Amino acid sequence: MSEEHFKSVISHAKEYGFVFLSSEIYDGLAAVYDYGQNGVELKKNIREYWWKSMVQLHENIVGVDASIFMAPDVWKASGHVDGFSDPMIDNKDSKKRYRADVLIEDFQEKYRVKNQKEITKAKKRFGEDFDLEQFVATNPNIARNNAKIEAIDERLKEGLESGNLHLVKELIEELGIACPVSGSKNWTDVRQFNLMYSTQMSATDGDNKIYLRPETAQGIFVNYLNVQKTGRMKLPFGIAQTGKAFRNEIVARQFIMRMKEFEQMEMQFFVTPGQEMEWYNHWKSHRMKWHLNLGIDKRKYRFHDHIKLAHYANAAVDIEFDFPFGFKEVEGIHSRTDFDLKQHELATGKKLQYFDHEKNESYIPYVVETSIGLDRMFLVLMSNALQTEDLGDGQTRTVLKLPPALSPFQCAILPLVKKDGLPELAKKIMRDLSLDFNCYYEEKDSIGKRYRRQDAIGTPICITVDHDSVNDQAVTIRYRDTMNQMRVSLSELHETIEKEVSMKALLKGLI
RNA sequence: GCGGGAGUAGCUCAGCUGGCCAGAGCAUCAGCCUUCCAAGCUGAGGGUCGCGGGUUCGAAUCCCGUCUCCCGCUCCA
């Protein structure tokens with residue numbers, strides 16, 4: 001796939017009512033998108049596939065729908081207030097952006113390297129008699145370097161903790177830190193980038209800042225005990241949730257890949273400490289199965305283990321998809337340990353422990369999280385499904401080969417012509433099928449044209465009502481992917497369609 | 001935030017050495033045709049050429065400003 005393909009996905013998404021730029025008539029709002037009449041159906045179906053696979057098919061997983069607003073202290077406890085606000089600085093010449101604290105830490109590293117050299121040298125000199133501890137404690141060069149490192153640490157800390165970011169810039173200037181790319185010391189001011197959006201709680205202005213959640217997970221953690229007790233849940237059990245989350249990305253682009261407002265589908269699985277790796281591996285393979293069950297080429301998927309872990313995790317892996325712009329993360333599976341619950345226990349003083357009757361003891365459960373971006377999954381399906389087929393003779397066909405159960409419409413009902421009672425019969429068929437499937441009705445234009453229009457929005461089955469239908473009570477079914485046709489009697493129509501396009505048929509692949 | 005590209009009809013664009021157009025194809029709508037794989041015929045609607053200002057007798061076209069989108073730099077679902 002390519003950038004070209006990506007562009008065609010974006011324009012196809014707009015042209016056929018899947019995704020529109022937010023506030024488009026006002027020139028748009030960057031990195032915010034709206035789902036159109038077809039997009040909302042696809043998105044809803046993805047959500048439903050996820051929800052049913054997680055909640056309906058697992059007796060020990062239940063759902064919640066927590067609010068987007070939460071007590072501000074939740075985000076202090078979770079580490080989002082401090083952990084996700086980075087001081088950034090730009091080099092004006094190279095146009096590169098750096099985290100100011102990382103720049104300074106890299107500078108400190110030079111002294112550490114120097115110390116290491118001293119040690120290596122001394123080792124050679126003293127040979128067998130070398131006493132590392134004594135050498136480090138007494139060598140004046142090492143002491144001087146360590147003092148410098150510490151002094152820098154202190155000043156960096158002072159700047160960051162007081163919020164006086166100009167102190168951090170001063171430090172960078174004083175140390176003479178140069179941009180690794182341009183080599184220049186021409187820096188912008190240090191600026192704070194905050195991950196979380198905030199608004200105020202009360203109608204009148206004042207100091208009552210409240211955040212828009214940057215992840216849905218915390219809504220699960222703060223309700224974990226409510227659910228566990230009222231639902232009489234026993235470990236291991238999971239709580240699932242889908243919902244909007246908000247992140248103020250420094251740069252949010254690539255269509256719906258990185259949006260400021262996006263939807264997550266998360267499941268937090270609570271387990272007995274010590275069993276977390278077992279469950280981590282279980283969910284890792286189970287989630288991949290969910291993806292591959294959609295019929296997508298498995299070469300387009302891969303796992304990517306995190307080397308650098310988030311502050312709350314002890315193991316993390318991404319499920320990546322080969323987007324038109326390369327392999328990128330769609331879903332993350334994290335072993336979050338007891339970090340979150342412990343933090344909330346500390347912050348609130350409320351016991352968030354689980355009493356294990358078998359062990360006859362209380363403990364904070366460990367958590368394994370699966371977290372998938374609904375919008376990213378939408379993009380996975382769109383970019384995987386959109387194809388231009390060469391039919392020979394210079395003829396092409398644009399077709400959206402979505403998994404049938406997830407398509408905006410499961411079938412289209414098309415009277416061959418707009419008279420002779422065909423529309424009436426078609427509408428009668430439509431009324432019956434609409435109880436189970438989202439159906440599209442269309443009587444305009446030639447039948448071929450209508451087939452192509454359905455191809456473009458991914459409708460897997462077209463049902464054509466012709467003159468014979470009135471007499472033989474049968475219709476022609478035309479398949480999107482093969483363009484093959486088949487005569488089916490009205491009495492068998494429902495069953496035939498259901499086998500191919502129902503959510504049930506899709507879910508069967510998971511069990 | 002910085003740099004680069006772009007902005008004319010729903011879509012793709014032409015027009016941009018300032019004055020014959022505000023246009024083409026597709027799409028849309030109405031009617032005819034009654035067709036099992038798009039592009040048959042007739043007609044219709046739709047744009048203050050991103051926005052503001054300037055130069056000029058005259059600006060889509062030249063100048064200045066501004067906004068927005070796209071790409072790159074950081075982070076992530």
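Chain letters run A, B, ... following the sequence lines, proteins first, then strands; residues in each count from 1. In this text the structure is predicted, and so the values were computed from the model without any measurement.
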Under 4.0 Å from OP1 or OP2 of B/U28: is there any side-chain N or O of A/Arg453 that close?
yes

Ignoring the backbone of A/His334, work out which of B/A27, B/A77, B/C36 is nearest its side chain.
B/A77

Establish, for the pair A/Arg287 and A/Trp290, whether the NZ or CZ atom is under 6.0 angstrom from the six-membered ring centre and no further than 45 degrees off its axis.
yes

Round to a whole Å and report the spacing from CD of A/Glu215 to P of B/A77.
8 Å

Provide, to the nearest angstrom, the distance between the NE2 atom belonging to A/His304 and the C1' atom belonging to B/A77.
15 Å

The correct set of residues in residues 410-426 of chain A placing a heavy atom under 4.0 Å from RNA chain B is A/Leu416, A/Val417

With sugar-phosphate meaning primed atoms plus P, OP1 and OP2, does A/Glu331 contact a base, only sugar-phosphate, or nothing at under 4.0 Å between heavy atoms?
sugar-phosphate

Spell out protein contact along nucleotides 41-51 of chain B as letters: B when the base is contacted, S when just the sugar-phosphate is, - when no protein heavy atom is under 4.0 Å; keep the 5' to 3' order.
-----------

Tell me the interatomic distance from A/Arg450, atom CZ, to B/C36, atom C1', rounded to whole angstroms.
10 Å

Identify which nucleotide among B/C36, B/A77, B/U28 has an atom closest to any side-chain atom of A/Tyr451, counting heavy atoms from C-beta outward.
B/C36

For residues 456-475 of chain A, which residues have at least one heavy atom under 4.0 Å from RNA chain B?
A/Thr464, A/Asp466

Would you call A/Asn438 and A/Asn45 a side-chain contact if the rule is heavy atoms closer than 4.5 Å?
no

Let's see if you can work this out: which of B/C71, B/U28, B/C76 has an atom nearest to the side-chain heavy atoms of A/Phe6?
B/C71

